[in-house]
Amino acid sequence: MESDGEGTPPPEQACGAGHRASHSLPTSAGGRVCLSCAVALLSSASSAPAHHVSHALASLSLALADPAFLEPLRAAHPRLLAAPLADALAGAAARRDAGLAAQASDLAADLAAAVGPPAASELVARIARVLSSGSLVKHLHTLHCLGILLNSTKDAAAYIGDKHSLYLNLVNDLRLPSDEIRGEILFVLYKLSLLNATPWDDIHGNNNVDLSAIGRSLIQFSLEVLLKTQNDAVRLNCVALLLTLAKKGAFDILLFSDQSLINSAEAEDYVPLNASLVILFADAVKGSLLSTNIEVQTGTLELIFHFLSSDANIFVLQTLIDENVADYVFEVLRLSGNNDPLVIASIQVLSLLANSEERFKEKLAVAFSTLLPVLHYVSEIPFHPVQSQVLQLVCICIVNCSGILSLSQEEQIACTLSAILRRNGNGELGMSSETFALVCSMLVEILKSPSADDVQKLPSFLEEASKLAISLTFSHEYDCLFLVPHSLLLLKETLIFCLEGNKDQILRKKALEDSIIETCKTYLLPWLESAVVDGNDEETLSGILQIFQIILSRASDDKSFKFAEMLASSSWFSLSFGFMGLFPTDHVKSAVYLVISSIVDKVLGFSYGETIRDACIYLPPDPAELMYLLGQCSLEDFNLASCQCAILVILYVCSFYNERLAADNQILASVEQYILLNGGRFPHEIPGSLMLTLLVHLYAFVRGISFRFSIPHSPEAEKILFHAMACKEWDLLLIRVHLIALKWLFQNEELMEPLSFHLLNFCKTFCEDRTVMLSSSSQLVDIQMIVELVYTGETCISSLLVSLLSHMVKEGTEDEVLSVANVITEIIVTFPCTSDQFTSCGIIDALGSIYFSLYSSRIKTVCSLLIFNILHSASATTFTCDNDVWLALTMKLLDSFNSSLDYTSSDQEQKILIGILCLILNHSANKVLIEPAKAIILNNCLVLLMDGIVQEACAKGPSLFQHNQETAFGELLILMLLLIFFSLRSLHAILEASIDWQDFLQYSDDTQSFSVLGIPCHDLCRLIHFGPSAIKLIASQCLLELLTRISDKRSRINDELRCSAKYLKSIVAVSEGMVFSEDSVVAENCGACLSVILGWERFGSKEKAVIRESKWSRLILEEFTVALTAPGLTSKSFSNQQKIAANIAVSLLQLSQVPDWLTSLFNGSLVSGIVANLSARNVTAEIVNLFSELMAKKYLNQEHIAGLHNLFQVCRRQAYEGGGSKAQPSEQKAETMALARSVDDVRALLFGMMLDQRAGSYATVEMEQQRLLREIDSFFFQESILREQREVTQVSRA
């Protein structure tokens, strides 16, 4: 029937069959559907033509999708189609028409979804009634429809009339061969189980039916389906059903063959199992585990997990393991590709199987490699659900099957475990407490494996892991006290690991050992310091003390000593007694005293630590009680005596670390009381010399402290101890000594006799190995202590050493003389100022006796070196009182020197003697040691020897260059030339009036040229010309010294030059040639010599002729002007000679007749170029002096002067600004003084002294700047004078 118009529904009318008009529902297309006709056709579906029924179903399916039809249907006839549709479905099933049945099933599902509960409830009730009886072989689609309705309808189970019959029928038909039907049955059963519509859910309404039989059948049939099917959909439904039943506890009821034991107390462990059902279960799940469907695998694993989680006993686990279910689970895990649900389910199952350790560990060993990637995967995910279970499985394998782990696997596991700790240490919250405990346990097990030492990277992983574990548990940010035992166990086992093995293995683990010690210092020690305040647990304290004890007793000597020092420096003794007060148990007391004894072992030596261990059980935990015990008489009580020895040891060690177990006056009183009552006597079981030595040191320390604070003492106790020191055996060097104690001992004159013996022993030991380390545990009396005590001047050590030296020299014992001399030398070398003390104590007299005795060359060499150092370092005033002693020593040295010197010899003693003579001559220049200096200068043998050596050197000619300081002759020649230099300076100071300096300018045919120690100028020129660099330098310095003295005397008395012009020309030629020397000092000396000779021009015509004929001066100054105007064009040999050339230019400008070439050289344009190229950086005092002279000689115009004025102002400002910072190096240099330890040092020191005494030497930047400022001031002063003169001239002209 068509509509009357657009949007107007057609009027109601009856269908052609005359059915009620209200059953005719419209569609949006304009037609109508008669519900009565549809109902009639569907109700007769079993007999009606199939195509008619199919057409009706199709029409209704389209109509249900049409709102125009659906709304009136839902409103007026919601149940009308349900019953006929159920009949149609049953009829299609009866006709075995699969297509029609599928169409009816789909329409039923659509109707229930579209209309809602009225239709759905009716459908569920009618379809369930159909399926409750008879075979289900024809009802595939009916089952499917019921499954859909159960899945989509709320409370669908409530509409099923006879649930019991339906359930039984479904269970019985699970034996049908069709996978499709079984799959649908399983799905319906699964949904019924979810809806609590099983017989077990309604025990009172099932008419006493045997539920166990039904359940057994259901599980057995389901497992058989699961075993046989290859369809993943069927497997999925079956697994879902079984999983639901397992969660309901069905397996708990059905697994046992004896039902009477299910709830009895005897059924806890060994209840007889329905073994066939368990075996069937094991076989059934294997196929599903190998399925390619992840959902099936996951569900199966969950089923196994719940199956194992039932109340069944251990035989269920064993059966599944025997049936190789674990192998299948491992295979799933291996192929999982880190799929998280699969990993979680697999690990949960394996964790339960692991409860059967004996059977499971074999499976675990085979499949262990599968767990490693999983371990790595779960370790990277914070708080992964099965992280701890994976760690547990790996741990089981490490513990039970360590032999199967390869080195790479152990390394991989250690790496992963350290990464877990590292992640948490970086601030990520990624680890549970169980995980932390397992990580520590696993690392400990790896450490214990026989192959741990062969794992290359294991030490580095352990280093990180142990440090992180300790930092996490001992950090104040987390409350992790219950995890502390795990981290301490890991640290302890790691420490033991790194201390065990062969030498190479221990060396490879050195960094690990260092890290553990640093961890103890950074985390454990601060925790112990807080434990005294917070009162933390005793177990942790014991664990830490145990670790400390291992380090102290088993680590290398160096590391254990440093660790002991670190603990002792951290108020350890005070902490220790705090521990014993906080935890008053014997265990804590024993542990604390054991650590203290080990610290003492390292600080004092093993014997002293043993005293504490022996007396440990008797020692009280309170310091006050210790002081009380010390003050008791113990002559008849060995246990008390041993306690007192331990107390003395503890008190003495405390003194080194500024710790006091009691007040200083109380300690002194207790020690004195001990001395008064026991008198320094010890039971024979106790080594008396050891304890007396310690008692002496402790008493000396306490007395030294008490002296500072004016604490009264007992003279009687002091007297008793001094008597014991004099009569009984003790050793100053036996143990470590405090500087305060040592100082106090050497301040008591009553102890000089026993102390001299010990000091001699010290000298012998020092001579043997240059130190006094008699024990590897600690530093004992060392040279630094002796040096510091001598330096303070508050002890009698210096006089005691000199007395020992004199005594040993008289006795003629070379070894003892050598020992004492070496110690004195070391003291003077360390603190040169102590030379004054030794000199005032008469050491020179003692040393002089050696040269009057038949001592070996070795002794004389050492003593000569000592004399040299004293001469070099002692102040001049020291030598004013002992002139006779020095004269006698000098004469003996000269006799020894002249009788044995051979200039081809390499005798070290003779060369040191030359150095001594040099220093005596050097001191005479300061008006001290004048008579010894005269003896040297006027010694005829020495003059002859010097002349012979010089003549030998000059005779070598050019080959002399090969005789440098590395050769015997070259070294001797250098020292003799240095002696000449200091002789010339001494002559000027002490014999100036008696010397005619021009004698050095003349040739002489006499064999003995001079009556004094010296060398003529022409020989010096030969040495300058032919000699190597060192000889050139000394010879040029001597030539400059001679020419300066000649010039000074000629200036005073206007003396005529007595040498020939040719002689003078040769000197000038050599000097001019050496101005271009690569050695700047040689060049400066020769330039200065040339300047001196140029200054002689005013004395006579001979000098003027020589100077006028010189051509090299012009070459020098031309190079100089090029260097100032165009620096890049100068020769390399002239790059450092500008100062020399500037001085020569000044000397030429000061001549009475300035050379014409010099006037033309310094013309206006050249001077302008020089001024333009100058900068504040390259201005020197010599340059400023040159411009002052040029200005005085009218070579500068106003423009030049103005430019120089501005430039010098900049130089002055920079000098003042940088003066403060540049003064520091010179101050630091002045504070130190190098002394000689060998002949090379002697030569170097003499060389340095010569250079420091050069006329133009400016040793520091500060001195150079001061000289520059003086020259600038002179330039400005001269400029102001010229300015005033110009102004006066201008006024007079006006």
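What's counted below: heavy atoms across the whole structure, side chains too, no hydrogens, waters or symmetry copies.
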Can you find a pair of side-chain heavy atoms, one from [X] and one from [Y], that are under 4.5 Å apart?
| X | Y | result |
| --- | --- | --- |
| Leu333 | Leu342 | no |
| Leu245 | Leu241 | yes |
| Leu301 | Ile344 | no |
| Leu289 | Ile304 | yes |
| Phe307 | Val316 | yes |

Can you run down the salt bridge (Lys or Arg N to Asp or Glu O under 4.0 Å) pairs that involve [range], sequence neighbours left out, and say none if there aren't any?
| range | value |
| --- | --- |
| residues 77-90 | Arg79-Glu122 |
| residues 276-299 | Asp283-Lys286 |
| residues 155-177 | none |

Sequence neighbours left out, what passes side chain to side chain donor-acceptor pair (under 3.5 Å) with [X]? Give chain and number order.
| X | value |
| --- | --- |
| Glu380 | His376 |
| Ser291 | Asp232 |
| Thr298 | none |
| Asp322 | Arg359 |

Legend entry - Summary of side-chain hydrogen bond (donor to acceptor under 3.5 Å, both in side chains) pairs that have at least one residue in residues 326-344, sequence neighbours excluded: Asp327-Lys363, Glu331-Arg334, Asp340-Tyr377, Asp340-His384
Inset, instruction - List the atom of Tyr159, the atom of Thr153, and the distance in Å for their closest heavy-atom pair. - result: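 Here Tyr159 and Thr153 meet closest at CE1-CG2, 4.1 Å.
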Legend entry - Nearest atoms (heavy-atom pairs only) where Val188 meets Leu143: CG2-O, 3.5 Å
Legend entry - Residues in side chain to side chain contact (heavy atoms under 4.5 Å, CB included) contact with Ser369, at least two apart in sequence or another chain: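 Residues passing side chain to side chain contact (heavy atoms under 4.5 Å, CB included) with Ser369: Gln409.
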Just list the side-chain donor-acceptor pairs under 3.5 Å for residues 102-118, sequence neighbours left out, or say none.
{"from": "Gln103", "atom 1": "OE1", "to": "Ser54", "atom 2": "OG", "distance (Å)": "2.8"}
{"from": "Gln103", "atom 1": "NE2", "to": "Ser54", "atom 2": "O", "distance (Å)": "3.0"}
{"from": "Ser105", "atom 1": "OG", "to": "His141", "atom 2": "O", "distance (Å)": "3.3"}

Legend entry - Among Leu242, Val171, Leu223, Asn172, the one residue meeting side chain to side chain contact (heavy atoms under 4.5 Å, CB included) with Leu218: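 Checked Leu242, Val171, Leu223, Asn172 against Leu218; only one passes side chain to side chain contact (heavy atoms under 4.5 Å, CB included): Val171.
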Legend entry - Main-chain N/O of Val378 paired to Gln387 side chain as donor or acceptor, under 3.5 Å: yes
Which donor-acceptor pairs under 3.5 Å do side chains of residues 127-137 form with protein atoms, sequence neighbours excluded?
{"from": "Ser132", "atom 1": "OG", "to": "Ala128", "atom 2": "O", "distance (Å)": "2.5"}
{"from": "Ser135", "atom 1": "OG", "to": "Val137", "atom 2": "N", "distance (Å)": "3.2"}

Legend entry - Contacts of Lys138 that satisfy salt bridge (Lys or Arg N to Asp or Glu O under 4.0 Å) - sequence neighbours left out: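 So Lys138 forms no salt bridge (Lys or Arg N to Asp or Glu O under 4.0 Å) with any residue.
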